[in-house]
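Just below is one structure, and these are the notes that go with it.
Computed from a predicted structure; not experimentally measured. Residue numbers begin at 1 in each chain, while the letters A, B, ... track the order of the sequences.
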There are 2 protein chains.
Amino acid sequence: MDTKSLMIDTATLLFQQKGYKNVGVNEILKACNVTKGALYHHFPNGKEELLIACLKGLNEAITIDIEDIFKKHPSTLEAIQSMIDKLIHNLETEGTITGYTFSSIVSEMATVSEPVRQACSLLYENMERIYCDKLVTEGYSQESAFEMALWMTASIEGAMMLCLTQKSTTPLKTISKLLPTILKGRTS
Amino acid sequence: MDTKSLMIDTATLLFQQKGYKNVGVNEILKACNVTKGALYHHFPNGKEELLIACLKGLNEAITIDIEDIFKKHPSTLEAIQSMIDKLIHNLETEGTITGYTFSSIVSEMATVSEPVRQACSLLYENMERIYCDKLVTEGYSQESAFEMALWMTASIEGAMMLCLTQKSTTPLKTISKLLPTILKGRTS
DNA sequence: GTCTATAAGCAGATAGAC
DNA sequence: GTCTATCTGCTTATAGAC
C-alpha cells in the first residue's frame, strides 16, 4: 500500500477513536512510520487536509459497506440492526468507536472549519439516502422515508454518544430493540 | 457576581459553542476580564477543573429548568417538544447550541479524561431520570419508561448533531414531529 | 518522494509582587 | 484574592539535503 493511503487509513482510525484535536500530527506519523516531509508533500495544507481526505475515504468505505449490508438483508429493519450489531461488537472488542460514525469529528470541527463540516454533511447525506431508498421500496412515501432515515441516523449517533458517556453498550442495544416499534405500523 | 461564578458562566457558554479544545484559556479570561492568577487560584488544576465545574453548574441549571418545563406541561410529549422548541430557537437566533446539550464535550473528552466523562454521565442520568419518572406517572412500566427516556435523549442529541452538520434546524423539527408516533400507542 | 533538523507560535501553567 | 511577567512543552509547519 502506498504511503498516502497508509497515512489516511491510520489517521482515520485515530481521529475516530480520539477526536481531531486530541491526535497530534506526530502521533499519526509515528503510528504509520512516515515522516513529516512525506505528510506535507501529500497534504500541503497539513493536518486539516488529511482529515478531509479521511472523511472522503470514509465516505466511500461506508457507502460500499452499507450497500452490501442492505443487499444481504431483506428488510431495512434487519439491515439497520445488523449495522448496530457491528457497532456494538466494535465497542466491546476495541472499547472505541470506529464504524459507521464520526460524530465526534462533527462536534469538534463543524463550528470551526467549513470544509470539514461540508465533508461530514455529505457523508450523512449518503447514508441517509441509502436508508431512504430502501424504505421507499418497502412502501413508505418519499416524505416519511426521509423522516424515518433521519430519525434512525439521529438515534444511532445519539446512542453511540451515550455509550461513550456511560461506558456501556446498553444505549445502542436499547435503540436496536426499540426500532421495530417505529418501523412497524408505518409501512405504506 | 463573584469572579468564580463569572468564569464558570463564561466558560460554559464558550465550551458549548466551540467545544473544549477550540477554546483557549486566554480566550475565556479575556471574555470575562479576569486574569490568569485568578483562574489558577480558583481552579488549581486549570482548564480541566474549570470544565468540570461548568458541567456541575450545567447539571443544576438544566435539572431546575427541565423540572420547571415538566411542571408546566401536562404530558411528557408536550414537555419534550417544548424543550426541542427552545433548542431550535437557540439555534436560529444564535447559530450555536447552548441549551440542554453538551454532546460536543462528551465526544471530545470522554475517551480522554475520566473525570469529565463521569460528570457528563451524571448529567445525562439526571435528565433521563426526569423523563423516566414522568413517563411512569403516565402509565408506562419502569422498563419501557427507561427505554423511552434513553431513546428520546439519543434522538435529541443525535438530531442536534445533524443540525450542526447541515446548518439547518430540520433534524430537530423532524424529531419533534415524529415523537408522538412512539409516545402514543405505548401508554400503559 | 522521502528524509532530518529547525523554526515559529501558542497552549497551559507558575512565581512572586501587591 | 488578584495582578503581571515569565517558563516550559508541545503544536503545526518549513527548508533544504538526499
Side-chain angles (χ1 to χ4, degrees), chain A residues 1-55 57 104-105 107-117 119, chain B residues 1-55 57 104-105 107-117 119:
Chain A
M1 186 192 283
D2 60 296
T3 310
K4 194 171 178 177
S5 307
L6 178 64
M7 279 191 285
I8 293 176
D9 288 355
T10 311
T12 301
L13 198 67
L14 286 169
F15 288 151
Q16 281 190 304
Q17 288 174 338
K18 309 211 274 174
Y20 179 71
K21 295 259 177 174
N22 288 309
V23 181
V25 167
N26 292 316
E27 188 181 347
I28 299 166
L29 296 172
K30 203 172 163 189
C32 57
N33 242 294
V34 166
T35 58
K36 229 156 231 191
L39 168 67
Y40 285 94
H41 170 73
H42 292 291
F43 306 99
N45 287 330
K47 196 186 173 187
E48 186 166 318
E49 191 179 342
L50 174 58
L51 171 62
I52 291 172
C54 289
L55 290 170
S104 62
I105 291 161
S107 305
E108 214 174 334
M109 298 293 291
T111 50
V112 167
S113 162
E114 181 61 17
V116 173
R117 204 217 89 228
Chain B
M1 186 192 282
D2 59 297
T3 310
K4 194 171 178 176
S5 307
L6 178 64
M7 280 192 282
I8 293 176
D9 288 355
T10 311
T12 300
L13 198 67
L14 286 169
F15 288 151
Q16 280 189 307
Q17 287 173 339
K18 309 212 274 174
Y20 180 72
K21 295 260 175 176
N22 288 309
V23 181
V25 168
N26 292 314
E27 187 180 348
I28 298 166
L29 295 172
K30 203 173 164 189
C32 56
N33 243 292
V34 167
T35 57
K36 231 159 229 190
L39 168 66
Y40 285 94
H41 169 75
H42 291 292
F43 306 98
N45 287 328
K47 196 185 175 188
E48 188 167 317
E49 192 178 342
L50 174 59
L51 171 62
I52 292 172
C54 290
L55 290 170
S104 63
I105 291 159
S107 305
E108 216 174 332
M109 297 294 290
T111 52
V112 168
S113 162
E114 182 60 17
V116 173
R117 204 216 89 228

**Contact letters for nucleotides 7-18 of chain D, in which S counts primed atoms plus P, OP1 and OP2 and B counts the base, heavy atoms under 4.0 Å** = ----SBBB----
**Asked** In dot-bracket, 5' to 3', how would DNA chain D read with Watson-Crick or G-U wobble pairs under 3.5 Å, [ ] for crossing ones and | for pairs to another strand?
**Response** ||||||||||||||||||
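- Rounded to an integer number of Å, the gap from NZ of Lys30(B) to C1' of dC10(C) is 14 Å.
- Not one side-chain nitrogen or oxygen of His41(A) sits closer than 4.0 Å to the OP1 or OP2 atom of dT2(C).
- Screening residues 32-42 of chain A for side chain to side chain donor-acceptor pair (under 3.5 Å), with sequence neighbours left out, gives Asn26(A)-Lys36(A).
- Annotation: side chain to side chain contact (heavy atoms under 4.5 Å, CB included) contacts of Ile28(A) (sequence neighbours excluded): Ala11(A), Leu14(A), Phe15(A), Val23(A), Leu50(A).
- Atom CG in Leu50(B) sits roughly 15 Å away from atom C1' in dA11(C) (whole-Å rounding).
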With a 3.5 Å cut-off and sequence neighbours excluded, list the donor-acceptor pairs that the side chains of residues 3-10 of chain A form with protein atoms.
residue  : atom : partner : partner atom : Å
Ser5(A)  : OG   : Asp2(A) : OD1          : 2.8
Ser5(A)  : OG   : Asp2(A) : OD2          : 3.4
Thr10(A) : OG1  : Leu6(A) : O            : 2.7

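- When every heavy atom of Ser107(B) is checked against every heavy atom of Ser107(A), the shortest pair comes out as OG-OG, 3.5 Å.
- Lys18(A) is linked by a side chain to side chain donor-acceptor pair (under 3.5 Å) to Glu27(A), counting only residues two or more places apart in sequence or in another chain.
- Atom-to-atom, CE of Met7(A) to C1' of dT2(C) comes out at 10 Å; the value is rounded to the nearest Å.
- Residues satisfying the side chain to side chain donor-acceptor pair (under 3.5 Å) criterion with Lys47(A), sequence neighbours excluded, are absent altogether.
- A donor-acceptor pair under 3.5 Å links the side-chain atoms of Glu108(A) to the main chain of Lys21(A), judged by distance alone.
- Note: CZ (Phe43(B)) to C1' (dT14(C)) measures 18 Å, nearest angstrom.
- Between Leu39(B) atom CG and dT4(D) atom P there is a gap of 14 Å when expressed in whole angstrom units.
- For Ala119(A), the side chain to side chain contact (heavy atoms under 4.5 Å, CB included) partners are Leu55(A), not counting sequence neighbours.
- Between the NZ atom of Lys4(B) and the C1' atom of dG1(D) there is a distance of 12 Å, rounded to whole Å.
- Regarding contacts with the backbone of dG1(D), every side-chain N or O of Thr3(B) stays at 4.0 angstrom or more from both OP1 and OP2.
- Applying the side chain to side chain donor-acceptor pair (under 3.5 Å) test to Ser113(B) and every residue at least two apart in sequence or in another chain returns Glu48(B).
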